[in-house]
Each structure stands twice: as C-alpha cells, then as structure tokens.
Participant: 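Before I ask anything, let me first share the structure, which is written out below as structure tokens.
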There are 2 protein chains.
Amino acid sequence: MSETPPLREALIQAGIGLLAEGGPATLTLRQAALRAGVSHAAPAHHFNGLPGLLTAIAARAFDTFAQTLQTARDGAGDDPRARLHGICQGYLTFAAAHAGLFHLMFTAPEVDRRDPTLEPAAELSYQILQQACRPFATHADDRLEVAVWSMVHGYAALGFCTPTPPRPMAKPPEFSDLLNELLQT
Amino acid sequence: MSETPPLREALIQAGIGLLAEGGPATLTLRQAALRAGVSHAAPAHHFNGLPGLLTAIAARAFDTFAQTLQTARDGAGDDPRARLHGICQGYLTFAAAHAGLFHLMFTAPEVDRRDPTLEPAAELSYQILQQACRPFATHADDRLEVAVWSMVHGYAALGFCTPTPPRPMAKPPEFSDLLNELLQT
DNA sequence: CGCGCCAACTTGACAGTGTCAAGCTGATCT
DNA sequence: AGATCAGCTTGACACTGTCAAGTTGGCGCG
C-alpha cells in the first residue's frame with residue numbers, strides 16, 4: 001500500500017516530543033517543523049493544518065493506548081476480575097504518564113474526533129475494555145461497559161491518578177476500590 | 001468590600017458569549033475587548049493575560065454549575081435516591097448545555113485550577129454531591145462519592161450526554177441505569 | 001482653589017502563530 | 001532529452017498575546 005513519507009513521521013514524533021516537554025502551548029506547526037529541520041510551511045504538505053497534525057498525533061496516541069491496555073490485561077493473569085482491574089490500571093497509568101496525549105485523544109477541541117484514522121485504534125481500545133467487562137454484565141445491554149469506561153475515564157480526567165490530586169482531598173481512594181464497588185463484591 | 005469594576009464584568013460576559021457562539025478558538029482577549037467596546041489592551045488591566053480571563057470565566061461557570069446542581073437536587077423531591085439522580089442529571093445537563101464552560105472548568109490547560117477564586121464554588125459543588133452520596137455509603141472513606149463523581153464526569157466528558165454520542169454506539173445507556181448499578185438497588 | 005496623583009484606558013509596537021500563493025528542485029516517466 | 005509533478009522553500013498576510021509609553025479624568029490633599 002502507501003508508504004508513509006518520512007517527514008510526516010518526523011513531524012509526528014517532533015509534536016509528541018514538544019507536547020511531552022513543553023505542554024500543549026509549545027506544540028505548534030512551526031516548532032514541529034523547526035525540530036524536524038524543515039521550513040515552517042512544510043507541514044502543510046502532510047497535514048491539513050494544525051488540527052491535522054494534532055489529529056495524527058492523537059491517532060498515534062490511540063495506537064500506543066490500545067497496546068498499553070492489551071499488555072496490562074495480558075500481564076494480569078487469567079482471572080476475569082484481575083484482567084479488568086489490570087486494564088483499568090493501564091488506562092490510569094497511561095493517562096498519568098502521557099497527560100498531553102491523553103488530553104489530545106479525548107478532550108482537545110482542535111482534534112477532529114470523527115476522523116477515520118482515529119477509528120481503528122480507538123475501536124480496538126473500546127473492544128478490549130468491552131470484552132473484559134462481559135463476564136460481569138448482569139444486563140443484556142452495554143450499561144456495565146459504559147459504567148466502567150465512564151468511571152475510569154472520569155477518575156483519570158479529574159486527576160485522581162496524578163501525583164497532585166484535585167480539590168482538598170487528602171488521599172483519594174484507590175480506583176480498584178471504586179471498581180469493586182461497581183462489580184459488587 | 002471590593003466592588004467589581006464594570007469592564008471586568010463586561011469582559012467576562014463577552015467571553016462567555018464568544019465561547020458559546022464561536023467555540024474556544026474565537027475566545028480571545030482582543031475579541032472580548034472588541035465586544036466590550038474597549039481597546040485591545042484594556043483587558044490586561046483586569047486580568048492576568050488570557051489565562052486570567054479564562055480562569056475568571058471558569059470561576060463564574062463554577063458558580064452557575066453549583067447553582068444548577070442545587071436546584072436540580074431541590075427539584076427532585078425528598079427521596080435520597082431521587083435527589084442523587086437529580087444532581088447527576090443536573091451535572092449532565094449542564095455539561096451538554098454549556099460544553100464550552102464545562103471544558104474550561106475541568107480540562108482547559110490554560111486555566112489555573114489552583115486559583116483561590118475557583119475554590120469556593122468548586123468546593124460547594126463537590127459538597128452538594130458529597131452530601132447526596134452520604135446516605136448510600138457502605139464504607140467509612142469517601143470512595144462512593146469519588147465513584148459517583150468519576151462516573152458522572154466521565155459519562156459527560158466522553159460525550160454520552162450529547163445529542164451526538166461518541167464511537168459507533170447506537171444508543172448509549174441512560175446514566176440513571178449506570179448509577180443504579182453502582183448503588184446496587 | 002490648585003495641584004499632584006493614580007487608576008483606567010488608548011496607542012503603538014513587537015514577536016510569534018496559522019495559512020496561503022508563488023517559486024524552486026530533483027527524481028521519475030515517456 | 002524534455003515534461004511532469006510531488007515535496008519543499010520563500011515570502012507575505014492577518015491575527016494573536018504582551019509589553020512600554022502616553023493620555024485622561026476624577027479624587028484627595030495642602
């Protein structure tokens with residue numbers, strides 16, 4: 001099929017580096033181009049403007065996200081409950097370790113989240129969680145998956161999994177306790 | 001005490017209007033100043049740059065957010081379960097109706113979320129949810145509040161409460177079912 | 001009363017940003 | 001050998017936030 005141009009890959013990597021080192025404010029087209037050693041207008045030939053670069057980075061982030069969930073699940077043994085806990089822990093670890101990418105994937109307004117390149121990895125991530133939830137479902141619909149997904153995402157988004165938790169909360173409860181509350185026993 | 005200058009208020013209202021009408025990209029210092037009828041550098045005398053304006057808008061948003069939760073709770077009757085459901089529904093309604101403000105309050109990276117002006121209303125919002133959760137707590141710690149908070153916030157952040165839900169999900173489950181799952185009837 | 005003061009605001013400038021139009025260049029194909 | 005064209009550069013433009021200096025109007029004080 002199509003071979004990805006090297007500059008496109010270099011720009012994505014430069015963007016990821018900028019995001020990790022300097023935060024979202026330093027992730028600009030011109031900075032990425034500078035870091036990749038090309039002129040300031042070169043990125044326009046590989047991405048549809050800044051939103052295009054951000055979307056491409058988000059797609060890449062979803063790839064490693066799905067991979068993280070998968071290895072977290074496989075490293076948790078065979079017990080269904082342990083596997084689900086492992087996946088959630090992977091979710092939270094990823095969110096804490098790659099806050100910039102996490103924000104890009106789910107909440108950055110510049111990212112076009114219905115871009116078809118996002119879909120495969122995002123869909124895979126969802127299916128991993130979905131399958132791990134299936135043994136615990138007590139209803140025919142998908143309410144349990146959505147409950148777990150919402151809870152783990154909210155826990156991450158609200159910052160409970162970062163070293164600096166929000167609000168005047170001395171020590172936030174472990175997510176595993178929250179999950180057990182939902183799985184009832 | 002201190003009387004808030006009229007221009008400061010006008011700039012906040014202009015910013016809220018810009019955010020609602022044109023999204024986060026159109027919310028700039030210069031546009032807010034233009035809408036308020038002052039020169040482009042006037043906002044600097046009332047806010048600490050653009051982050052200062054965004055933080056002030058977030059503080060205002062937390063005010064109306066706390067008020068929304070309160071009225072949603074009081075309009076749900078006396079049953080503790082109905083009150084908690086009402087609060088969560090208020091949470092989701094606010095997130096869907098004021099997506100821009102919601103994003104500013106919780107996830108916009110430019111907002112200084114440890115600003116002391118944020119604290120009162122944010123703290124009040126949390127206490128409203130905390131008190132409503134108390135009748136259902138089965139443990140001494142605050143795990144249930146955090147579980148509910150995480151779940152409702154994640155449900156909102158993932159977009160399940162908007163008319164256009166994420167992912168290829170035909171019809172997302174109602175949040176009330178998710179909450180009942182957590183409260184185990 | 002006059003005078004200074006000072007907060008609020010304006011004007012002007014600067015660096016940085018995304019984006020577009022035009023031009024260059026080197027490899028590929030006929 | 002010559003045309004083609006994707007990939008990149010150069011240059012320009014409008015827009016952004018931010019700073020420095022100047023203006024103004026009202027207030028208190030000698």
Participant: Looking only at heavy atoms, what is the nearest atom pair of B:L50 and B:L29, with distance?
Facilitator: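 Residues B:L50 and B:L29, closest heavy atoms: N-CD1, 3.6 Å.
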Participant: Whole Å only: how far is the CG atom of A:L27 from the C1' atom of C:dG18?
Facilitator: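 Answer to the nearest Å: 13 Å.
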Participant: Atom CZ of B:F47 and atom P of D:dT18: how far apart are they, to the nearest Å?
Facilitator: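 Those two atoms, CZ and P, are 13 Å apart.
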Participant: Just the atom pairs and distances: protein N or O near nucleotides 21-26 of chain D's N or O, under 3.5 Å.
Facilitator:
none

Participant: Could you walk me through whether B:R113 and B:E119 pass the salt bridge (Lys or Arg N to Asp or Glu O under 4.0 Å) test, one step at a time?
Facilitator: CA-CA 9 Å; B:R113 240 164 300 274; B:E119 204 137 338; over 6 Å; no
Participant: Tell me: CG of A:N48 to C1' of C:dG18, nearest whole Å?
Facilitator: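 Rounding to the nearest Å, CG of A:N48 and C1' of C:dG18 are 12 Å apart.
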Participant: Side chain of B:V38 only, heavy atoms from C-beta on: which candidate in D:dT18, C:dT10, D:dA12 is closest?
Facilitator: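 Nearest listed nucleotide: C:dT10.
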Participant: Mind checking A:Q31 for me? I need base, sugar-phosphate or nothing, with any heavy atom below 4.0 Å counting as a touch.
Facilitator: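 Here A:Q31 touches the backbone only, sparing every base.
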Participant: Roughly how far, to the nearest 0.5 Å, is CD1 of A:I16 from CG of A:L27?
Facilitator: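 Between A:L27 CG and A:I16 CD1, I get 9.5 Å after rounding to 0.5 Å.
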Participant: Is there, by distance only and without an angle test, a donor paired with an acceptor across the side chain of A:R30 and the base of C:dG18 below 3.5 Å?
Facilitator: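 Answer yes: a donor N or O sits under 3.5 Å from an acceptor.
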Participant: How many Å lie between CZ on B:R8 and C1' on C:dA7, as a whole number?
Facilitator: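 Result: 16 Å.
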Participant: Determine the contact category for B:H46: base if any of its heavy atoms lies under 4.0 Å from a base atom, sugar-phosphate if only primed atoms, P, OP1 or OP2 are that close, otherwise nothing.
Facilitator: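 It contacts sugar-phosphate atoms only.
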Participant: Might you confirm whether atom CG of B:D141 has over 12 heavy atoms from other residues, nucleotides or ligands at distances under 6.0 Å?
Facilitator: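 Atom CG in B:D141 is packed in, count exceeds 12.
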Participant: Do A:H153 and A:Y91 meet the criterion of a side-chain donor-acceptor pair at a distance under 3.5 Å?
Facilitator: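 Yes, because at least one side-chain N or O of A:H153 sits under 3.5 Å from a partner of the opposite role on A:Y91.
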Participant: So B:F65 and B:F62, would you call those rings parallel, tilted or perpendicular, with 30° and 60° as cut-offs?
Facilitator: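 Perpendicular.
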Participant: In whole angstrom, what separates A:L50's CG from C:dT17's P?
Facilitator: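 After rounding, the reported distance stands at 11 Å.
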Participant: For the side chain of B:A41, starting at C-beta, report the closest nucleotide among D:dG11, D:dT18, D:dC19.
Facilitator: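 Of D:dG11, D:dT18, D:dC19, D:dC19 is nearest to the side chain of B:A41.
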Participant: Report which part of the nucleic acid A:S39 touches: base, sugar-phosphate, or nothing (heavy-atom distance under 4.0 Å, all strands).
Facilitator: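 Base contact.
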Participant: How long is the line joining CG of A:L18 and P of C:dG16, in whole Å?
Facilitator: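 From A:L18 CG to C:dG16 P: 15 Å.
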Participant: Find which nucleotide of DNA chain C each of B:A42 and A:G49 is nearest to by heavy atoms, and output the residue with the more 5' nucleotide.
Facilitator: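 On the 5' side of the pair lies B:A42.
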Participant: Would you kindly check whether a donor in the side chain of A:H40 faces an acceptor in the base of C:dG16, or vice versa, at under 3.5 angstrom?
Facilitator: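 Looking at the base of C:dG16, it does not pair with any donor or acceptor on the side chain of A:H40 (distance under 3.5 Å).
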Participant: At their closest point, which heavy atom of B:A33 faces which heavy atom of B:H40, and how far apart are they?
Facilitator: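 What the structure gives for the nearest pair is CB-CA, 4.1 Å.
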